[in-house]
Structures are given as C-alpha cells and as structure tokens.
Amino acid sequence: MLNAEFRTILVFNHPTIQPSNLSTVQLFTFIFAPSTTPTIRTIPTIRTIPTIKTIPTMKTVKTPKKLTNILCIGAGYVGGPTMAMIAKKCPDRKVTVVDINAERIAAWQSDALPFYEPGLKEVVAETLGRNLFFSTDIPAAIAEADVVFVAVNTPTKTFGQGAGRAADLQYWEKTAHEIRECATHDLIVVEKSTLPVRTATAMKRVLESGGAHRFEVLSNPEFLAEGTAIADLEKPDRVLVGSDETPTGAAAREAVVDIYAEWVPRDRILTTNVWSSELSKLAANAFLAQRISSVNALTELCERTGADVDEVARAIGRDSRIGPKFLRAGVGFGGSCFKKDILNLVYLCEQRGLTEAAAYWNSVVEMNEHQETRFVAEMVHAMFNTVAGKRIAILGYAFKADTSDTRETPAKVVADLLAEERAQLVVCDPYALPNARKELARHGDLVSFEEDPYTAVEGADAVAVLTDWRQFPELDWARIFARMRKPAFVFDGRNCLDRRELFELGFHVRAIGKAPLSHFA
Ligand code: UDX
Ligand code: UDX
C-alpha cells in the first residue's frame with residue numbers, strides 16, 4: 001500500500017493475526033521514510049484495510065498457544081528459585097532446570113539444596129518430581145522445550161577489552177550455540193540473566209546463524225533479592241517482559257506473560273520493548289545501589305558532627321518522594337549484582353562516549369569501596385593504630401542476612417585488610433562458613449572459623465559485626481564482654497546493635513554514621 005509520504009506494508013503471516021480479526025488487532029506498519037533506517041510503529045485501531053500483502057520471506061516463530069514445557073538453563077540463585085516458583089504456581093506445566101554442574105543438579109534433588117534461602121526447601125519439596133525436574137542432559141531438554149529461560153552467569157570480565165567492567169558473555173553465547181544446535185523446532189528464548197542492553201540482537205544472530213529454526217528472544221529480568229527470594233517471587237512488585245515489537249515478538253511475549261499471570265495480577269506485569277527491559281534491570285540495580293552509596297556518603301559527616309545517620313535516614317525517608325527503603329547505612333553493599341551491574345552500565349556508557357554518565361555511576365562503586373576500606377582504617381585507628389597480633393571476632397560473613405551467599409561480601413574485604421595488618425581473625429556465621437573457609441584460606445593461621453559466637457569472642461580484643469543476622473543483637477552481650485580482653489571494642493558495620501547498652505556494659509563502641517562512644521577521657 002502506498003501513500004504520498006511513505007510506503008506501508010501490512011504483514012499477515014502470523015497465526016493470531018488474520019484479516020478476519022483485523023478490526024480488533026493492532027496492525028504493525030513498517031514505515032520506510034526515503035533513505036532512512038526502517039522504524040516500526042503500532043497503530044492502535046484500524047477498521048478497514050484496502051490491501052494486504054504477505055511477504056513470503058518474513059521470518060516468524062510459531063508460538064504454541066500455551067508454553068507447557070518450560071526449560072531453564074542455569075540452576076543458580078536466579079534459575080533455581082524462579083523455576084521452583086513457576087512449577088509451584090503452574091502445576092499443569094512441566095518445568096525442567098538444567099546445568100553443566102552435575103554436583104549442583106544433584107544437590108537440588110537432595111535434602112541439602114545448593115544454597116540457603118528461606119522457604120526454598122518447602123517449594124522444592126512440593127514440586128520436585130511432580131512438575132519440577134533437574135537434569136544435566138541439556139540437549140534432550142532443549143529438544144522438548146517450548147520456551148528456554150537462560151540464567152547462566154554473566155560475571156564481570158576479567159580479561160581483554162572491558163576487563164573489570166564489561167559483562168563476560170561467553171557462557172551466554174555458548175548457551176545460544178547449544179540451543180541452536182539442539183532445537184527441534186522454533187523456540188522462544190528468554191534472557192533471565194542480567195545482560196548488557198542490546199544483547200538480544202547478538203543472541204538472535206547467533207541463534208539464527210545456519211540453523212533450521214527461528215527464535216524469538218525476549219528479556220524477562222529477575223528482580224528477586226536473596227534472603228527474600230521466595231516472597232519476591234510469590235508477590236513481585238512487578239514482572240517485566242520485553243520483546244521485539246513485531247507480531248511474533250508480541251505473541252511470544254503474551255505466551256510468557258501467561259505463565260506469570262497464573263499467580264501475578266496482570267497490572268503488575270509490565271511489557272516493554274526488549275531494550276527497555278534489558279536496561280531496566282541494570283538501571284534498577286544501579287538506583288538501589290546509588291541510594292545505599294548516597295546514605296553511606298553522609299556517614300563520615302555524621303560521625304564528625306554528632307548527627308546520627310539512622311535519624312537522618314528516617315527523617316528523609318518520610319518524604320514520600322524519597323521513601324524509607326534502601327537507606328540503611330553500613331559497611332557497604334555486597335552481592336553478585338550491584339557492583340557487576342553498575343560496572344556494566346559504566347562500560348556501556350563509556351563505549352558510547354558518555355563520559356559524565358559513566359563517571360556518575362562509577363562513583364557509586366567508588367563510594368562503596370571507600371566505605372569498606374575506611375571501616376578497617378577506623379578500626380585500626382581506634383585500637384591504638386595497631387591490630388597486629390590482636391584477636392578480632394568477625395560476626396557475619398554473608399553479604400546480607402538470611403543467605404549463605406558471600407559473593408562481593410564486604411566481610412571479605414574487611415577480613416583481607418585486617419589479615420594484612422596481621423590481626424588474628426575468628427570468623428563466625430550461621431550459614432556462610434563453608435564459603436568463608438575457601439575464600440580466606442590464603443591467610444593460613446591468621447584466620448580461624450567458629451560456629452558459636454561465644455567461643456568466637458573468647459579472649460578477643462574486638463568484635464566486628466559485618467552481617468545483619470537477626471541473632472546478633474539478641475546475643476548476651478554482657479557474657480560476650482566478660483569473655484573478651486580489655487579494653488573491649490565493638491565495631492558495628494550494620495548498625496544493628498544497641499550501642500548505648502553496649503557502652504554501658506563497658507564496650508568502646510563505633511557504629512557507622514554515629515559519634516563514637518568511648519570510655520577513654
Ligand atoms: C547469574 C548471574 O550472576 C546474574 O547476573 C544473572 O542475572 C543470572 O545468572 P546466579 O543465578 O546468582 O545469577 O548465578 P549462579 O548461581 O552462578 O548460577 C549460574 C548457573 O549457570 C551455574 O549453576 C552454572 O553452573 C550454570 N551454567 C553456567 C551453565 O549451566 N552453563 C554454562 O555454560 C555456564
Ligand atoms: C539485589 C536487588 O535488590 C534485586 O532486586 C536484584 O534482583 C539482585 O540484586 P540482593 O543483592 O540479593 O538483591 O540483595 P539486596 O537486598 O539488594 O542487598 C544488597 C546489598 O546491599 C547487601 O549487602 C545489603 O546488606 C546492602 N544494603 C541493602 C545496604 O547496605 N543498605 C540497605 O538499605 C539495603
């Protein structure tokens with residue numbers, strides 16, 4: 001169809017879009033302005049169409065009405081819990097999770113899951129063998145899947161171009177090759193892993209290079225936080241599904257939306273184009289981390305002026321435009337996502353010459369690193385400028401409470417720096433000791449590990465609280481004081497203890513963003 005300004009081609013080679021239902025569907029027009037790149041526009045309502053042209057070479061993916069065979073590649077912190085929840089909420093869909101790590105797959109099928117997450121054990125117990133299956137046979141699982149979620153890791157690159165900032169996409173690309181080679185029909189591939197914006201294009205190119213089948217690549221980032229993963233999955237603030245804005249992209253997106261709609265209210269399921277979805281994941285983590293760095297950037301000023309950072313956070317958080325969440329000052333943020341995703345964002349900005357934007361986001365990470373190192377500097381300074389040979393109990397090693405995960409935990413940075421100062425460390429954590437043992441092994445005899453906090457503090461000069469485990473404020477601190485060498489110091493890196501009570505017990509207390517409480521004149 002031609003008109004004076006542009007040429008419009010209407011495409012009807014899609015199962016759900018037929019001339020008979022044209023009055024109700026949205027039509028997609030490909031508008032070619034002379035000598036410019038094609039753009040795609042949606043026309044909300046068109047009642048009549050004069051001409052219909054089907055382009056025979058148009059590549060389409062046949063989306064089944066219902067995605068009954070769901071596959072996830074990557075049985076980690078993201079893939080495992082997410083698929084367990086889908087299996088729980090969609091009993092008539094089969095959910096298979098595969099991974100190259102046989103040990104991990106075995107653990108998912110045992111009583112000892114690969115990691116600790118409250119409520120996860122119950123969901124897996126309910127669904128395992130009913131409609132949730134774990135396997136290492138990746139080709140067989142791809143062959144029978146209707147949709148493949150990809151949740152393999154996308155760590156920060158440690159080599160070559162973009163080392164230390166860009167995402168390492170080698171596992172993603174390897175997985176894409178594998179999907180292409182093992183697919184037995186057209187497939188929807190869903191990015192679950194956090195990826196740089198525009199990865200979907202690269203993936204589609206890999207998937208459609210030389211294979212017999214067509215692929216629709218969607219983005220459906222995960223927003224769950226560890227420790228609350230099950231609650232986050234059960235009642236998400238939102239589910240985000242991005243797709244190409246083509247009829248087949250929209251159909252694939254609807255099919256994936258239908259999975260979540262089995263338990264998530266429709267108005268909480270957002271749909272966007274694929275690039276917005278990819279960028280939203282990076283942006284959400286960058287914003288959350290930026291709030292923490294912002295409040296942490298006030299802590300030194302509080303310590304030097306007598307302001308209390310928790311009171312300041314409470315005061316500003318009451319402003320409904322700011323809100324109270326993610327304003328807890330501390331020794332710094334950890335976890336597998338924040339640093340990695342911000343550095344990825346920084347790299348994406350730098351690649352496009354956006355120097356100021358890159359520097360802005362990079363400062364969020366720099367502030368976090370400063371907070372970790374200054375915590376140790378304050379400890380050393382408070383303990384008469386030397387900790388060599390002193391016994392320091394580290395309470396909490398996980399990057400946050402309610403998880404055994406220790407990726408990017410500030411506790412590791414603190415422990416490494418204290419060990420360099422030749423302090424004698426005793427690390428205590430209810431779930432993270434296996435990881436701590438591996439990660440701190442290089443310090444040899446300088447670090448020991450203890451499950452019982454009262455044993456950990458025996459003869460200690462100082463206690464440093466680095467994870468906000470609920471049990472720490474509930475400990476018998478008078479008993480702890482009695483067991484320690486004097487003068488006894490407490491460094492509260494999570495502001496979770498009652499510092500005045502500790503001070504009255506005889507401790508010298510330092511908390512983040514609060515004036516020090518000292519018995520020395
Ligand atoms: C990971 C990324 O860290 C995160 O950025 C992304 O958003 C989702 O995936 P997580 O689930 O926490 O998050 O990672 P991890 O626990 O390491 O799980 C990834 C799994 O993928 C591992 O079990 C790994 O064995 C598996 N994997 C990796 C494959 O099955 N195939 C591969 O080629 C590579
Ligand atoms: C984060 C995002 O919250 C989640 O949406 C995304 O999918 C993955 O990354 P996670 O890393 O599991 O989740 O935990 P989160 O609760 O965000 O905490 C991250 C770090 O920030 C922890 O070290 C935590 O202790 C710290 N934190 C959090 C603060 O220091 N202050 C706060 O106010 C909140």
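Values reported hereafter were calculated over all heavy atoms of this structure, with side chains retained and with hydrogens, waters and symmetry mates removed. Just so you know, ligand 1 is whichever comes first in the structure, and atom 1 is the first atom listed for that ligand.
- Here the heavy atom of the protein found nearest to atom 9 (O) of ligand 2 is Cys337 CB, 3.5 Å.
- In terms of protein heavy atoms, atom 31 (N) of ligand 2 is closest to Arg328 O, 2.9 Å.
- Remark: minimum distance from atom 4 (C) of ligand 1 to any protein heavy atom is reached at Lys340 NZ, 3.7 Å.
- Shortest contact from atom 11 (O) of ligand 2 to any protein heavy atom: Phe399 CE1, 3.5 Å.
- Among protein heavy atoms, atom 7 (O) of ligand 1 sits closest to Thr194 N, 2.7 Å.
- The nearest protein atom to atom 8 (C) of ligand 1, hydrogens excluded, is given as Ser193 CA, 3.6 Å; this is a heavy-atom distance.
- Under a 4.0 Å criterion applied to the non-hydrogen atoms of Asp99, ligand 1 contributes the atoms 20 (C), 21 (O), 22 (C), 23 (O), 24 (C), 25 (O), 26 (C), 30 (O).
- Contacts between Glu222 and ligand 1, counted as non-hydrogen atom pairs separated by less than 4.0 Å, are absent for every part of the residue.
- Residues Thr82 and Phe149 have side chains not in contact (no heavy-atom distance under 4.5 Å, counting atoms from C-beta outward).
- Classification of Glu126 and Lys88 as a salt-bridged pair holds, one side-chain N sitting under 4.0 Å from a carboxylate O.
- Scanning the protein heavy atoms around atom 5 (O) of ligand 2, the nearest turns out to be Phe223 O, 2.7 Å.
- Regarding atom 1 (C) of ligand 1, its nearest protein heavy-atom neighbour is Asn153 CA, 3.8 Å.
- Ligand 1 has no nitrogen or oxygen under 3.5 angstrom from a nitrogen or oxygen of Gly79.
- Cation-pi contact between Arg180 and Phe215: absent, since separation from the ring centre below 6.0 Å together with deviation from the ring axis within 45° is not met.
- Residues Asn435 and Asp429 form no side-chain contact, since every pair of their non-hydrogen atoms from C-beta on lies 4.5 Å or further apart.
- Protein heavy atom at the shortest distance from atom 32 (C) of ligand 1 is Ile100 CD1, 3.6 Å.
- Within the structure, the closest approach of Arg291 to ligand 2 does not fall below 4.0 Å when heavy atoms are considered.
- With a heavy-atom cut-off of 4.0 Å, Arg407 touches ligand 1 through its side chain alone.
- Under 3.5 Å, the side chains of Asp416 and His443 contain a donor-acceptor pair of N or O atoms.
- Here's the thing with Leu224: one of its N/O atoms is less than 3.5 angstrom from an N/O atom of ligand 2.
- Relative orientation of the Phe338 and Phe333 rings is perpendicular, given thresholds of 30° and 60° on the angle between their planes.
- Near Asn101, the atoms of ligand 1 lying under 4.0 angstrom from a non-hydrogen atom of the residue are 25 (O).
- In this structure, Trp263 and Tyr260 have tilted ring planes: the angle between them lies in the 30° to 60° band.
- Residue, atom and distance of the protein heavy atom nearest to atom 16 (O) of ligand 2 are Lys400 NZ, 2.8 Å.
- Looking from atom 33 (O) of ligand 1 to the surrounding protein, the closest heavy atom is Lys174 NZ, 2.9 Å.
- Around atom CZ of Arg318, no more than 12 heavy atoms belonging to other residues, nucleotides or ligands sit under 6.0 Å away.
- In terms of protein heavy-atom proximity, atom 19 (C) of ligand 2 is closest to Phe338 CE1, 3.5 Å.
- The single protein non-hydrogen atom nearest to atom 27 (N) of ligand 2 is Ile292 CD1, 3.4 Å, given as residue, atom name and distance.
- Contacts between Thr228 and ligand 2 below 4.0 angstrom, taking non-hydrogen atoms only, are absent altogether.
- Summarising the local packing, CG of Asp319 is surrounded by more than 12 heavy atoms from other residues, nucleotides or ligands at distances under 6.0 Å.
- Counting only N and O atoms by type, the side chains of Thr299 and Glu303 include no donor and acceptor under 3.5 Å apart.
- For the side-chain contact (heavy atoms from CB on, under 4.5 Å) criterion with Asp341, the lone passing option out of Leu282, Leu288, Val346 is Leu282.
- With respect to atom 18 (O) of ligand 1, the closest heavy atom belonging to the protein is Gly76 CA, 3.2 Å.
- A parallel orientation is assigned to the rings of Phe115 and Tyr77, their planes being inclined by less than 30° (bins at 30° and 60°).
- Counting protein heavy atoms only, atom 15 (P) of ligand 1 is closest to Arg104 NH1, 3.6 Å.
- Of all atoms in ligand 2, listed by their number and element, those nearer than 4.0 Å to a heavy atom of Lys281 are 6 (C), 7 (O).
- In this structure, Lys325 does not count as a contact residue of ligand 2, since none of its heavy atoms falls inside 4.0 Å of the ligand.
- Counting heavy atoms from C-beta on, the side chains of Asp168 and Thr158 never come closer than 4.5 Å.
- Aromatic ring orientation, Trp108 versus Phe134: parallel (interplanar angle below 30°, classes split at 30° and 60°).
- Of all atoms in ligand 2, numbered sequentially from 1 with element shown, those under 4.0 Å from a heavy atom of Arg494 are 25 (O), 30 (O).
- By the 4.0 Å N-to-carboxylate-O rule, Asp402 lies close enough to Arg470 to be salt-bridged with it.
- What sits closest to atom 12 (O) of ligand 2 on the protein, heavy atoms only, is Glu226 N, 2.7 Å.
- The pair Glu234-Lys89 meets the salt-bridge criterion, with a side-chain N (NZ, NE, NH1 or NH2) lying under 4.0 Å from an Asp/Glu carboxylate O.
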